[in-house]
Protein chains: 2
Amino acid sequence: MNLEQIAECHKSLGDKTRLRILSLLKVEELCVCELVEILQMTQPAISQHIRKLKNTKLVKERRQGQWIFYSLDGSIYPFFQSILDTLPDMKNEIEELKKSGRKVFCN
Amino acid sequence: MNLEQIAECHKSLGDKTRLRILSLLKVEELCVCELVEILQMTQPAISQHIRKLKNTKLVKERRQGQWIFYSLDGSIYPFFQSILDTLPDMKNEIEELKKSGRKVFCN
DNA sequence: TGATTATATAAGCATATACTTATATTAATG
DNA sequence: CATTAATATAAGTATATGCTTATATAATCA
């Protein structure tokens, strides 16, 4: 891993919305439509943030029918876990999503 | 520390030149003119990078006569040390500076 | 005090980034 | 097989970023 890659990783981390997405993914894997619901942003905006997180290998995806579930990765960055540790707990936001009936359940 | 501040910190880390500066400061404190010499960049470019690192509390300064020596800080970020650990060793670059006779010695 | 050295700041410019709206792709379903 | 739902991508735009050159500030020194 060279300096250019490390810089790209931090650029990816250098946005409040993406940090919120990572904080949410700390709780559990989520799909774009759920993130749209929680973060109250447009679907393309979320998709573009996810793309950046994917390109920098901070999240990985798992397709499940019509949904794509995103979850934390970051395994190539030795410092990633300690960064995650400083992100806030977002269990409540996920709870709210479930209460609103907008949680995607499938398997 | 809120998400906005964490994002600002990572923005600060999201630049190759600033990562090189931090890598160099891992070896020892340096002043702007030494960084100019090692990184072969203009003095205002270096000063502006240093300003960003200072604003995000990743480096601190110590004035010594006409020089200002910059050194690592980052004490407010629990993850900073693990990021530093992934940055390359730049002892050789500092050695080159000393050999070139451009190292600033004072006290 | 005037010149020199180190550093900071300001203004200008080219590129990058984060959004928007519109459209394309992909999978499920009736 | 046409429609719907989830997601991705493209194009446009406003703001941010990283450089440049020019100038200001601050400390030293002759």
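To find a chain, count down the sequence lines: A is the first, B the second, and so on, and within it residues start at 1.
- Projected onto DNA chain D by closest heavy-atom contact, B:Asp15 and A:Cys31 fall at different nucleotides, the more 5' of which corresponds to A:Cys31.
- Between A:Glu4 atom CD and C:dA16 atom C1' the separation is 13 Å, expressed in whole Å.
- Regarding B:Asn55, its CG atom lies at a distance of 14 Å from the C1' atom of D:dT17, rounded to whole Å.
- Atom CD1 of B:Ile46 is separated from atom P of C:dT9 by 15 Å (rounded to the nearest Å).
- Taking only distance into account, the side chain of B:Gln43 never meets the base of C:dA6 through a donor-acceptor pair shorter than 3.5 Å.
- A donor-acceptor contact under 3.5 angstrom links the side-chain atoms of B:Gln48 to the base of D:dT20.
- Dashed line: the shortest gap from a side-chain N or O of A:Arg18 to OP1 or OP2 of C:dA18 is under 4.0 Å.
- When rounded to the nearest whole Å, the span between NZ of A:Lys52 and C1' of D:dA8 equals 17 Å.
- Contact check on B:Lys98 versus B:Glu28 returns a salt bridge, with a Lys/Arg side-chain nitrogen under 4.0 Å from an Asp/Glu carboxylate oxygen.
- What separates OH of B:Tyr70 from C1' of C:dA6 is a distance of 10 Å, to the nearest Å.
- In the set D:dA8, C:dA8, D:dA26, D:dA8 carries the atom at the smallest distance from any side-chain atom of A:Ile68.
- Using a 4.0 Å heavy-atom distance criterion, A:Lys16 is classed as making no nucleic acid contact.
- Per the geometry, CD belonging to A:Glu29 stands 12 Å off P belonging to D:dT7, to the nearest Å.
- When each of A:Ile50 and A:Lys11 is assigned the nucleotide of DNA chain D with its nearest heavy atom, A:Ile50 is the one assigned upstream, toward the 5' end.
- Listed pair A:Ser47 / D:dT7 fails the phosphate criterion, with no side-chain N or O lying under 4.0 Å from OP1 or OP2.
- Look at A:Arg102 and A:Glu34 and you find no salt bridge, because none of the NZ, NE, NH1 or NH2 atoms lies under 4.0 Å from a carboxylate O.
- Rounding to the nearest 0.5 Å places CG of B:Leu13 at 12.5 Å from NZ of A:Lys11.
- Judged by distance alone, with hydrogens and angles left aside, the side-chain atoms of B:Lys26 form no donor-acceptor pair with the main-chain N or O of B:Met90 at under 3.5 Å.
- When the side-chain nitrogen and oxygen atoms of A:Arg51 are compared with OP1 and OP2 of D:dT9, one or more of them lie within a distance under 4.0 Å.
- Comment: A:Glu61 engages A:Lys54 in a salt bridge, judged by a side-chain N to carboxylate O separation of less than 4.0 angstrom.
- Distance from the side chain of A:Pro44 is smallest for C:dT21 among the nucleotides C:dT21, D:dT7, D:dT21.
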